[in-house]
Participant: 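Got a structure for you, questions after.
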Amino acid sequence: LVGYPVAAFVTGAVMAALPQGTPLRTAVSAFIASVAGGVVCLHAFGIVGLHLLVQMPLAQAAMADLVFVPGDLVKCVLCALVVHTVAKALPDWPFGGRAR
């Protein structure tokens, strides 16, 4: 639970730092941001949590966590598809709150 706000912050920070403009570029940026925050950051917290709370060795915790990665990558692709669709439907919307 501690990792969720951190992962959300990382996802937002990465999304704000990546280029946007076209729907495709925005979708690719959303995919990269969701992988960085939602997969890398959140899974790192999960692995450390297993290590600290369950006293599982780090290598074993990392191996146990790998079962969730494919599903989370599918969710990252779905996120990019939704962002692409929204970006095409609302071409004048400044993604990330930036003025054009």
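All residue numbers refer to positions in the sequence shown, counting from 1.
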Participant: Hey, any chance Leu81 and Val35 share a hydrophobic cluster, counting ILVMFWY side chains that come within less than 4.5 Å of each other, even indirectly?
Facilitator: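 Both belong to a single hydrophobic cluster.
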Participant: Could you measure the distance from the CZ atom of Phe31 to the CG atom of Leu73? Nearest 0.5 Å is fine.
Facilitator: 6.0 Å
Participant: Establish whether Ile32 and Leu24 are linked, either directly or via other cluster members, by ILVMFWY side-chain heavy-atom contacts under 4.5 Å.
Facilitator: yes
Participant: If I compare all heavy atoms of Val83 with all of Ala30, which pair ends up nearest, and what's the gap?
Facilitator: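 The answer is CG2-CB, 3.7 Å.
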Participant: Is there a donor-acceptor contact under 3.5 Å from the side chain of Gln20 to the main chain of Met15?
Facilitator: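 Yes, Gln20 side chain to Met15 backbone: donor-acceptor pair under 3.5 Å.
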Participant: Could you tell me which non-hydrogen atom of Gly37 sits nearest to which non-hydrogen atom of Thr11, and how far apart they are?
Facilitator: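 In this case the closest contact between Gly37 and Thr11 is CA-OG1, 3.2 Å.
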Participant: Could you give the distance from OG1 (Thr26) to NE2 (His84), rounded to the nearest 0.5 Å?
Facilitator: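 One gets 8.5 Å once the value is rounded to the nearest 0.5 Å.
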Participant: Cut-off 3.5 Å, no hydrogens considered: what does the side-chain donor-acceptor table look like for residues 42-69, sequence neighbours left out?
Facilitator:
| residue | atom | partner | partner atom | Å |
| --- | --- | --- | --- | --- |
| His43 | ND1 | Asp65 | OD1 | 3.0 |
| His43 | ND1 | Asp65 | OD2 | 2.5 |
| His43 | NE2 | Asp72 | OD2 | 2.5 |
| His51 | ND1 | Met56 | O | 2.8 |
| Gln55 | NE2 | Leu52 | O | 2.9 |

Participant: Yes or no on side chain to side chain contact (heavy atoms under 4.5 Å, CB included) for Val39 and Ser34, after CA distance, side-chain angles and deciding distance?
Facilitator: CA-CA 7 Å; Val39 177; Ser34 62; over 6 Å; no
Participant: Ignoring hydrogens and geometry, is there a side-chain-to-backbone donor-acceptor pair from Ser29 to Pro19 under 3.5 Å?
Facilitator: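 Here the side-chain-to-backbone pair exists.
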